[in-house]
Amino acid sequence: MTELQDRFRSVIADLALGEVVSYGEVARRAGRRGAARAVGAFLAEHGGDLPWWRVVRADGRLAAHKPTDQARRLRSEGIEVSGGRVLHALPPR
DNA sequence: TATATGACGTTGC
DNA sequence: AGCAACGCCATAT
């Protein structure tokens, strides 16, 4: 586990219930602005014990591989999901 | 070193 | 809204 991965893990582990952030936001909070893809790569192997479902794309779309599972988990936390998108927040900027 | 890849992001058409 | 190009960062080969 590299130090960068450790920071990613920390940021994601600290996400509160119902708190949804983008991959880019996670990278930013970890001090690696722009490393959104790296966040995805990290979750791909060490995402087992982390709340990976609270991480979505910048436009609100859900993760590409397990969208249904993610939608189910998000809804169980009170977050509205429709058309594979999180409505709640994430307005374009 | 160099190239390819992907749970991404932005911009422009 | 949807799509295609790039750009970007870390890894794997």
Side-chain angles (χ1 to χ4, degrees):
Chain A
M1 183 74 86
T2 73
E3 184 228 328
L4 173 60
Q5 299 177 143
D6 228 19
R7 293 210 298 278
F8 284 161
R9 183 185 53 69
S10 177
V11 169
I12 297 170
D14 286 346
L15 294 176
L17 260 83
E19 180 180 10
V20 179
V21 298
S22 69
Y23 291 87
E25 176 61 19
V26 172
R28 222 179 340 262
R29 292 186 185 186
R32 278 289 178 285
R33 186 150 36 162
R37 307 191 75 151
V39 173
F42 163 72
L43 281 180
E45 47 178 337
H46 312 92
D49 53 326
L50 294 171
W52 56 269
W53 57 90
R54 303 202 253 230
V55 184
V56 304
R57 291 205 185 193
D59 58 5
R61 294 215 12 253
L62 306 181
H65 55 305
K66 271 175 141 185
T68 56
D69 192 23
Q70 182 166 26
R72 189 169 50 65
R73 287 169 179 274
L74 286 175
R75 278 191 271 255
S76 78
E77 293 189 355
I79 295 180
E80 297 191 39
V81 181
S82 174
R85 292 270 203 98
V86 177
L87 313 182
H88 174 267
L90 306 173
R93 70 172 180 92

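By convention in this document, chain letters (A, B, ...) are assigned in the order of the sequence lines, proteins followed by strands, and residues within each chain are numbered from 1.
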Euclidean distance, atom CG of residue L62(A) to atom C1' of dG9(B) [Å, nearest integer]:
17 Å
What's the closest nucleotide to the side chain of A63(A) if the choices are dG9(B), dA10(C), dA7(B)?
dA7(B)
Using whole Å, what does the distance between atom P of nucleotide dG7(C) and atom CZ of R32(A) come to?
22 Å
Among D14(A), I12(A), V21(A), whose side chain to side chain contact (heavy atoms under 4.5 Å, CB included) with R29(A) holds?
V21(A)
When you look at CZ of R72(A), are more than 12 heavy atoms from neighbouring residues, nucleotides or ligands closer to it than 6.0 Å?
yes
Take the protein atom CD of E45(A) and the nucleotide atom C1' of dA10(C), then report the distance between them rounded to whole Å.
11 Å
Give the rounded distance in Å between these two atoms: CG of L15(A) and C1' of dA7(B).
15 Å
If you only use heavy atoms from C-beta on, which nucleotide in dA7(B), dG9(B), dC9(C) is closest to the side chain of W52(A)?
dA7(B)
Under 4.0 Å from OP1 or OP2 of dG9(B): is there any side-chain N or O of R57(A) that close?
no
Look at the side chain of A36(A) and decide which nucleotide, out of dT11(C), dG9(B), dC9(C), has an atom nearest to it.
dG9(B)
Identify which nucleotide among dG9(B), dA7(B), dC9(C) has an atom closest to any side-chain atom of A44(A), counting heavy atoms from C-beta outward.
dA7(B)
Among dC8(B), dT10(B), dC9(C), the nucleotide that comes nearest once only the side chain of Y23(A) is considered
dC8(B)
Roughly how many Å is it from CG in L43(A) to P in dG6(B), rounded to a whole number?
16 Å
N/O donor-acceptor pair under 3.5 Å between R61(A) side chain and G84(A) backbone
no
Nearest-angstrom distance from the residue atom CZ of R54(A) to C1' of dA7(B):
17 Å
Tell me: CZ of R73(A) to P of dA7(B), nearest whole Å?
18 Å
Ignoring hydrogens and angles, answer whether the base of dC8(B) and the side-chain atoms of R37(A) contain a donor-acceptor pair closer than 3.5 Å.
yes
Nearest to the side chain of A58(A), heavy atoms from C-beta on, is which of dT11(C), dT10(B), dA7(B)?
dT10(B)
Verify, without hydrogens or angle tests, whether Q70(A) (side chain) and V55(A) (backbone) share a donor-acceptor contact under 3.5 angstrom.
yes
Could you state the CD1-P distance from I12(A) to dA7(B), rounded to the nearest angstrom?
15 Å
Would the distance check show the side chain of E77(A) and the main-chain N or O of L17(A) forming a donor-acceptor pair, the cut-off being under 3.5 Å?
no
